[in-house]
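Some notes on the structure that comes next.
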Amino acid sequence: MLTNLQARDVETLIHPYTNLASIRETGPLILERGKGVWVHDVDGKPYLEGMAGLWCTALGYGNDELVDAAATQMRKLPFTHIFGGKSHDPAIELAEKLKEMAPVPISKVFFTNSGSEANDTQMKLVWYMNNALGRPKKKKIISRMRAYHGVTIASASLTGLAGNHNDFDLPIAGVRHTSCPHYYRLAEAGESEEDFATRLAADLEALIIAEGPETVAAFIAEPVMGAGGVIVPPKTYYPKIQAVLKKYDVFFIGDEVITGFGRLGTAFGSEAMEMQPDSISVAKALSSAYQPIGAVMIPEMMYEAMLTESTKLGNFGHGYTYSGHPVAAAVAVKTLEIYERESIFERVRAKIPQFDARCAALEDHPLVGEARRKGLVAGIELVADKKTKHQFDPKLAMAAKCVAFCQQEGLILRNVFSDAVTICPPLVISPAEIDELFDRLTRALDKTLDYAVRENLLAA
């Protein structure tokens, strides 16, 4: 029986990434308040928010400084835009700070409202740049299978997950996908991680050659692949990939929407993964998710081409009403200030060994085939047979069942592609709370195992 709030919900809301039929029967989990890494539902039950919302609430819930920054700016100037030569202090200060923090040389910053919009903008800017450079055929964008880059028409096309394409008539023309760097699943028998990385770089080169290097404009990659299951590429993967990109003059887009601002223990995930992208997309932890904001960090070569093209056309015809929204920008400025003042990235690095050890210990569990992790993010892959890596029938939705058991245990996690349970806690999680998270997850895994045994789902 649904509660009044749940009934009102299912009659009015469309829930992203939700079975729209089953939620009418179960109703949603309705959350009411949060503090630190904990959120509470309308009945007062506490949950450890093990996903930082959607990979984003880095400073946890109830941070008064961020609330005050928003309130102060709303009283001062709740809205103005940056169209047609107008501007305001928060957007200027935030852009300056992002340029200062960037792991690669950056010339300008373009503000969006989300990571999806940032990656959508990246595609448009690459096309715009190549038109300015007199390369009208150099427009194809290469992404990777199991990549996640957003849900707009363009960014969902870049995403390499079938669930984001099926019946949406995606991907659009001009988008290609190359091999996913998941060693556990995709390595050949006896293949070392080094050889696997070499093969994937060769796959990329073969794709570029087959398409025609004169037609391939850009390659986009997350330092660690998030919604595709937290895939951590082999150590030499990015240096090998970047050599191919340089050889064929292919622009490199770094999608730092999840890994930006401390998730891997560095300001940007690129620094932890030996990546040197040409441009960078950020969002999520940019404001600790307290306000919707994203950004594209643009190199000088792209800016010069944009300048040339907009001079020719008389206008740069792209932007959003809320690009650089003053309240969102003010909250983001305060967020970056807190990261620096409180040494958040350094504190993350200090917590990584404990997080890593607790993840590694899960690989002893009968259901866990691999516990992938980097920094404070992990993907726990469930299998029916550890020796053969045999997967459960996708129709069984075993990871979803595990996540439901987690919720019973007062822990919020997510299930994603390939029966993986993902972990991405707020960066401010304490050592005791890390242990609490993994204790609750272990109990949920045990409940999932009991279910699998009862239903005779494990390999004989």
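For the single chain, residues carry numbers from 1 onward in sequence order.
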message: Tell me every residue that passes salt bridge (Lys or Arg N to Asp or Glu O under 4.0 Å) with R185, counting only those two or more places apart in sequence or in another chain.
response: E381
Does a side-chain N-to-carboxylate-O contact under 4.0 Å join [X] and [Y]?
X	Y	value
K35	E49	no
D356	K374	no
E370	K389	no
K447	E409	yes
E340	K97	yes

field: Qualifying salt bridge (Lys or Arg N to Asp or Glu O under 4.0 Å) pairs, either residue in residues 264-293, two or more places apart
entry: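 Applying salt bridge (Lys or Arg N to Asp or Glu O under 4.0 Å) to every pair that reaches into residues 264-293, excluding sequence neighbours, yields K235-E274.
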- request: Write out all pairs satisfying salt bridge (Lys or Arg N to Asp or Glu O under 4.0 Å) with one or both partners inside residues 139-153, taking only residues at least two apart or from two chains.
  value: K140-E211
Under 3.5 Å side-chain donor-acceptor pair for [X] and [Y]:
X	Y	result
E25	S22	no
D41	Y47	yes
D446	Y451	no
Q276	S270	no
D120	T152	yes

message: Working note: D435 + Q354, criterion side chain to side chain donor-acceptor pair (under 3.5 Å); need CA distance, chi angles, decisive distance, verdict.
response: CA-CA 8 Å; D435 282 336; Q354 178 192 7; 3.1 Å; yes
query: Below 6.0 angstrom between ring centroids: does that apply to F111 and Y320?
result: no
message: With a 6.0 Å cut-off on the ring centroids, do F110 and H318 count as close?
response: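 Between F110 and H318, the centre distance is under 6.0 Å.
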Sidechain-backbone polar pair: [X] side chain, [Y] backbone, donor-acceptor under 3.5 Å:
X	Y	answer
T57	G60	no
E205	A201	no
R347	E342	yes

- prompt: With sequence neighbours left out, what residues match F196 under ring-ring contact (aromatic ring centres under 6.0 Å, His included)?
  reply: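 By the ring-ring contact (aromatic ring centres under 6.0 Å, His included) rule, F196 matches Y183.
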field: ring-ring contact (aromatic ring centres under 6.0 Å, His included) partners for F219, two or more places apart
entry: F252
query: Got a sec: does the NZ of K246 have more than 12 other heavy atoms crowding it under 6.0 Å?
result: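 No, NZ of K246 has 12 or fewer neighbouring heavy atoms, counting only those of other groups under 6.0 Å.
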- prompt: Is the CZ atom of F168 crowded by more than 12 outside heavy atoms at less than 6.0 Å?
  reply: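 Check fails, neighbour count at 12 or below.
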Answer whether the closest heavy-atom distance between the side chains of [X] and [Y] falls below 4.5 Å.
X	Y	value
Y148	M225	no
R373	R358	no
P103	I280	yes

field: Residue pairs involving residues 346-399 (criterion ring-ring contact (aromatic ring centres under 6.0 Å, His included); sequence neighbours excluded)
entry: F355-F438
